[in-house]
Amino acid sequence: MDGLRSAEQKTGAAKIGPLDVAGIAEECAWHATLPGLSTADAKYRSPMSSRPRRKWHPAGAGYAQGECHGHADGKKGLIIGIANEHSLAYGCARHFRAAGAELAITYLNTKSEPYVRPLAAALQSDIFMPCDVTVPGQLEAVYERVTKDWGRLDFVQHSIAYARKEDLQGRITDCSVEGFTLAMQVSVQSFLRMAKLSER
Ligand SMILES: NC(=O)c1ccc[n+]([C@@H]2O[C@H](COP(=O)([O-])OP(=O)(O)OC[C@H]3O[C@@H](n4cnc5c(N)ncnc54)[C@H](O)[C@@H]3O)[C@@H](O)[C@H]2O)c1
């Protein structure tokens, strides 16, 4: 990773390129399910998980049993949506990291920071920043840091959602305009912002 980083610094900051999430996400989804694989052979276990592992087939034609470490070596990913160790984003991040990816991790606010910090440390993330997508400039600041430190971004994970308590208690048709707008802003529109920022 250091070699890659210094090579990028020598050649100047590269533009952030097209996202390359499909293969890694497929790997991650596969780790979440692991259909029918024997758990007997420790050789196929991730060091970060008690689950067995199989090799991701580069052609996408399926998986072959074997070692899959390193197929994301040097990939740089931004993960937004870790609140605690039960967050879906954390499970995915562990597998991205085990596959060799370098990760930028965000946390929502000062209240959530103490819960997320040790998880970011376990993921060996150098970039650890606040990001509340309703606070103007915070998402942009994360991308600025990524561009400054990495010069590129290979994949992102958007795993956030929010709705006010009062808007979760009635029927969808009872939802206030403000509550609906806020839920859409956090859960949906922020994904479009990330997609746009990732194009730069
Ligand atoms: N858990 C499930 O069964 C399930 C099923 C389908 C879809 N999902 C979706 O998966 C995603 C992750 O959910 P989870 O189950 O891991 O829950 P989670 O509570 O661990 O994750 C939700 C994340 O959203 C973040 N968030 C909320 N408001 C935010 C804001 N304004 N700015 C930035 N981040 C904000 C929280 O900090 C948290 O990290 C959500 O989009 C959820 O709708 C979850």
Side-chain angles (χ1 to χ4, degrees), residues 16 19 21-22 24-35 46 48-51 76-99 101-147 149 153 155-200:
I16 288 176
L19 301 182
V21 73
I24 301 174
E26 189 184 356
E27 166 76 11
C28 184
W30 183 87
H31 276 297
T33 54
L34 295 163
S46 159
M48 301 173 94
S49 164
S50 59
R51 294 171 185 237
K76 297 178 188 301
L78 168 60
I79 310 289
I80 296 189
I82 298 180
N84 54 55
E85 63 184 341
H86 302 295
S87 295
L88 296 177
Y90 183 56
C92 295
R94 288 172 63 214
H95 288 291
F96 291 143
R97 182 65 191 142
E102 196 171 345
L103 303 174
I105 304 295
T106 67
Y107 57 93
L108 179 59
N109 52 31
T110 50
K111 199 175 160 196
S112 65
E113 191 262 343
Y115 300 97
V116 186
R117 181 175 288 280
L119 305 179
L123 296 166
Q124 299 166 299
S125 301
D126 289 337
I127 301 177
F128 179 64
M129 293 180 70
C131 182
D132 179 337
V133 295
T134 67
V135 175
Q138 284 201 350
L139 182 61
E140 288 74 13
V142 171
Y143 274 81
E144 274 163 30
R145 172 78 183 278
V146 161
T147 303
D149 285 19
L153 190 58
F155 66 95
V156 299
Q157 180 175 12
H158 174 284
S159 186
I160 67 176
Y162 178 76
R164 296 191 308 205
K165 256 187 203 151
E166 57 267 35
D167 291 316
L168 290 171
Q169 281 161 3
R171 300 183 310 155
I172 183 71
T173 47
D174 296 328
C175 189
S176 65
V177 171
E178 299 75 24
F180 188 82
T181 304
L182 179 59
M184 288 296 115
Q185 180 190 3
V186 173
S187 316
V188 180
Q189 200 265 340
S190 62
F191 176 73
L192 301 179
R193 287 173 63 203
M194 284 180 74
K196 186 163 189 177
L197 287 163
S198 299
E199 286 177 338
R200 291 197 310 200

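Every number for a ligand or one of its atoms is a count from 1 in the order of the listing. Just the heavy atoms: all of them, side chains too, but no hydrogens, waters or symmetry mates, feed the values below.
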Engineer: Has Ser176 got a side-chain atom pairing as donor or acceptor with Gly179's backbone, closer than 3.5 angstrom?
Structural biologist: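 Answer holds: yes.
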Engineer: What protein heavy atom lies closest to atom 20 (O) of ligand 1? Include the residue and the distance to one decimal.
Structural biologist: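 Going by distance alone, atom 20 (O) of ligand 1 is nearest to Ser87 OG, 2.6 Å.
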Engineer: Using a strict 4.0 Å cut-off to heavy atoms of Cys131, name the atoms of ligand 1 that fall inside it.
Structural biologist: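 In order of numbering, the contacting atoms are 32 (N), 33 (C).
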Engineer: Which bit of Ile82 gets closer than 4.0 Å to ligand 1, counting heavy atoms only: side chain, backbone, both or neither?
Structural biologist: backbone
Engineer: Whether the side chain of Ser87 engages the backbone of Asn84 through a donor-acceptor N/O pair (distance < 3.5 Å, no angle test) should be reported.
Structural biologist: yes
Engineer: Measuring to protein heavy atoms, does anything land under 4.0 Å from atom 7 (C) of ligand 1?
Structural biologist: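 Protein heavy atoms within 4.0 Å of atom 7 (C) of ligand 1 - there are none.
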Engineer: Counting distance only, does the side-chain N/O of Asp149 pair as donor-acceptor with the main-chain N or O of Val146 below 3.5 Å?
Structural biologist: no
Engineer: Nearest non-hydrogen atom to atom 29 (C) of ligand 1 belongs to which of Val133, Leu108, Val135, Ile160?
Structural biologist: Leu108
Engineer: In terms of side-chain heavy atoms, does Ser159 have a donor or acceptor partner in Tyr90 at a distance below 3.5 Å?
Structural biologist: no
Engineer: With a cut-off of 4.0 Å, which atoms of ligand 1 are near a heavy atom of Val186?
Structural biologist: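 Counting from 1, the qualifying ligand atoms are 28 (N), 29 (C), 30 (C), 31 (N).
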Engineer: Between the side chain of Tyr115 and the main-chain N/O of Tyr107, is any donor-acceptor distance below 3.5 Å?
Structural biologist: no
Engineer: Hey, is the main chain of Leu103 close enough, under 3.5 Å, to the side chain of Ser125 for a donor-acceptor pair?
Structural biologist: yes
Engineer: Closest by any non-hydrogen atom to atom 22 (C) of ligand 1: pick that one out of Ser190, Ala89, Ser159.
Structural biologist: Ser159
Engineer: Are any of the side-chain nitrogens in Glu140 or Arg193 under 4.0 Å away from the carboxylate oxygens of its partner?
Structural biologist: yes
Engineer: Please report the interatomic distance NZ(Lys76) to CG(Leu153), rounded to the nearest 0.5 Å.
Structural biologist: 10.0 Å
Engineer: What residue and atom, counting heavy atoms only, is the protein's closest point to atom 42 (C) of ligand 1, and at what distance?
Structural biologist: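 Of every protein heavy atom, Ala161 CB, 4.0 Å lies nearest to atom 42 (C) of ligand 1.
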Engineer: I need the nearest protein heavy-atom contact for atom 31 (N) of ligand 1: residue, atom name and distance, please.
Structural biologist: Asp132 OD1, 2.8 Å
Engineer: Look up atom 3 (O) of ligand 1 and tell me if a protein heavy atom lies less than 4.0 Å from it?
Structural biologist: no
Engineer: Could you find the nearest protein heavy atom to atom 44 (C) of ligand 1 and give me its residue, atom name and distance?
Structural biologist: Leu88 CD1, 3.6 Å
Engineer: At a 4.0 Å threshold, what atoms of ligand 1 neighbour a non-hydrogen atom of Ala83?
Structural biologist: 38 (C), 39 (O)
Engineer: Under 4.5 Å between any side-chain heavy atoms of Leu78 and Val142, yes or no?
Structural biologist: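 Yes; the side chains approach each other to less than 4.5 Å.
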Engineer: Would you mind listing which atoms of ligand 1 come within a distance below 4.0 Å of any non-hydrogen atom of Tyr162?
Structural biologist: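 Near Tyr162, meaning under 4.0 Å from one of its heavy atoms, ligand 1 has 28 (N).
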Engineer: Can you sort out which atoms of ligand 1 are near Gly81, meaning under 4.0 Å from one of its heavy atoms?
Structural biologist: 21 (O), 23 (C), 38 (C), 39 (O)
Engineer: When you measure from atom 37 (O) of ligand 1 to the protein, is at least one non-hydrogen atom found at a distance under 4.0 Å?
Structural biologist: yes
Engineer: Do the side chain of Gln138 and the main chain of Val133 share a donor and acceptor less than 3.5 angstrom apart?
Structural biologist: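 Side chain of Gln138 to backbone of Val133, a donor-acceptor pair under 3.5 Å: no, none is there.
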